[in-house]
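Values below: every heavy atom of this structure, side chains too, minus hydrogens, waters and symmetry copies.
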Amino acid sequence: MTATIDNYTRVLLTVIAILLSFITIALWTESPFEQPRAQAAIPDSGQQLNQILDAIHDMNQSVAAIQKLLVSGDVRVQVLPPVDKKTPPAKTKPSATPQN
């Protein structure tokens with residue numbers, strides 16, 4: 001059995017062989033065995049402290065706003081008797097006058 005190869009097939013096989021050589025060289029020089037090294041992240045303690053202080057400042061402002069609201073008397077609290085889980089809760093109407 002004899003196989004004849006024309007010029008087109010010969011050129012095409014040559015181009016494929018050259019491209020495969022380029023791919024082989026590129027993969028070989030890339031050296032996949034070297035993994036990027038992990039960098040140790042040193043925490044910035046000053047920045048962390050500033051973040052904590054900012055959070056405390058925000059919390060202090062929130063507590064001050066709640067305290068101001070409670071001191072002003074605009075909050076009305078109504079105490080209800082404990083609800084028995086077996087019976088449905090009784091509907092109560094809020095009183096029109098504040099209880100002191």
Side-chain angles (χ1 to χ4, degrees):
M1 180 170 184
T2 308
T4 9
I5 301 175
D6 59 347
N7 282 342
Y8 175 75
T9 307
R10 195 172 300 224
V11 170
L12 192 63
L13 287 174
T14 304
V15 169
I16 291 173
I18 291 171
L19 290 175
L20 284 173
S21 299
F22 285 146
I23 291 173
T24 304
I25 291 170
L27 289 175
W28 190 7
T29 58
E30 187 178 305
S31 63
F33 298 108
E34 285 186 30
Q35 296 294 328
R37 296 181 183 226
Q39 297 290 331
I42 300 172
D44 185 4
S45 58
Q47 183 182 12
Q48 289 177 348
L49 181 61
N50 286 338
Q51 290 173 348
I52 291 171
L53 290 176
D54 289 341
I56 290 173
H57 180 70
D58 293 343
M59 195 178 338
N60 284 343
Q61 286 181 340
S62 298
V63 169
I66 292 171
Q67 183 181 12
K68 183 179 176 183
L69 179 69
L70 291 174
V71 169
S72 70
D74 291 337
V75 177
R76 297 178 193 250
V77 178
Q78 181 179 7
V79 180
L80 298 175
V83 179
D84 188 14
K85 292 183 181 182
K86 295 178 184 177
T87 60
K91 293 184 180 180
T92 59
K93 294 182 182 180
S95 61
T97 59
Q99 298 175 355
N100 290 334

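- Annotation for Gln61: atom CD counts as buried by contact number, over 12 foreign heavy atoms lying within 6.0 Å.
- The CG atom of Leu13 lies 10.5 Å from the OH atom of Tyr8; values are rounded to the nearest 0.5 Å.
- Distance check, rounded to the nearest 0.5 Å: OG1 of Thr14 to CG of Leu19 gives 11.0 Å.
- In this structure, the separation between CD on Gln67 and CG on Asn60 is 11.0 Å, given to the nearest 0.5 Å.
- Cluster membership for Ile66 and Val75, using ILVMFWY side-chain heavy atoms within less than 4.5 angstrom, is shared.
- A distance of 12.5 Å separates CD1 of Ile18 from CD1 of Ile23, quoted to the nearest 0.5 Å.
- Between atom CD1 of residue Ile5 and atom CG of residue Leu12 there is a gap of 11.5 Å, rounded to the nearest 0.5 Å.
- Hydrophobic cluster membership is shared by Leu70 and Val77, with clusters built from Ile, Leu, Val, Met, Phe, Trp and Tyr side chains linked at under 4.5 angstrom.
- Remark: Asn7 CG is loosely packed, at most 12 non-hydrogen atoms of other residues, nucleotides or ligands lying under 6.0 Å away.
- The CG atom of Asp44 sits 7.0 Å away from the CD atom of Gln48 when rounded to the nearest 0.5 Å.
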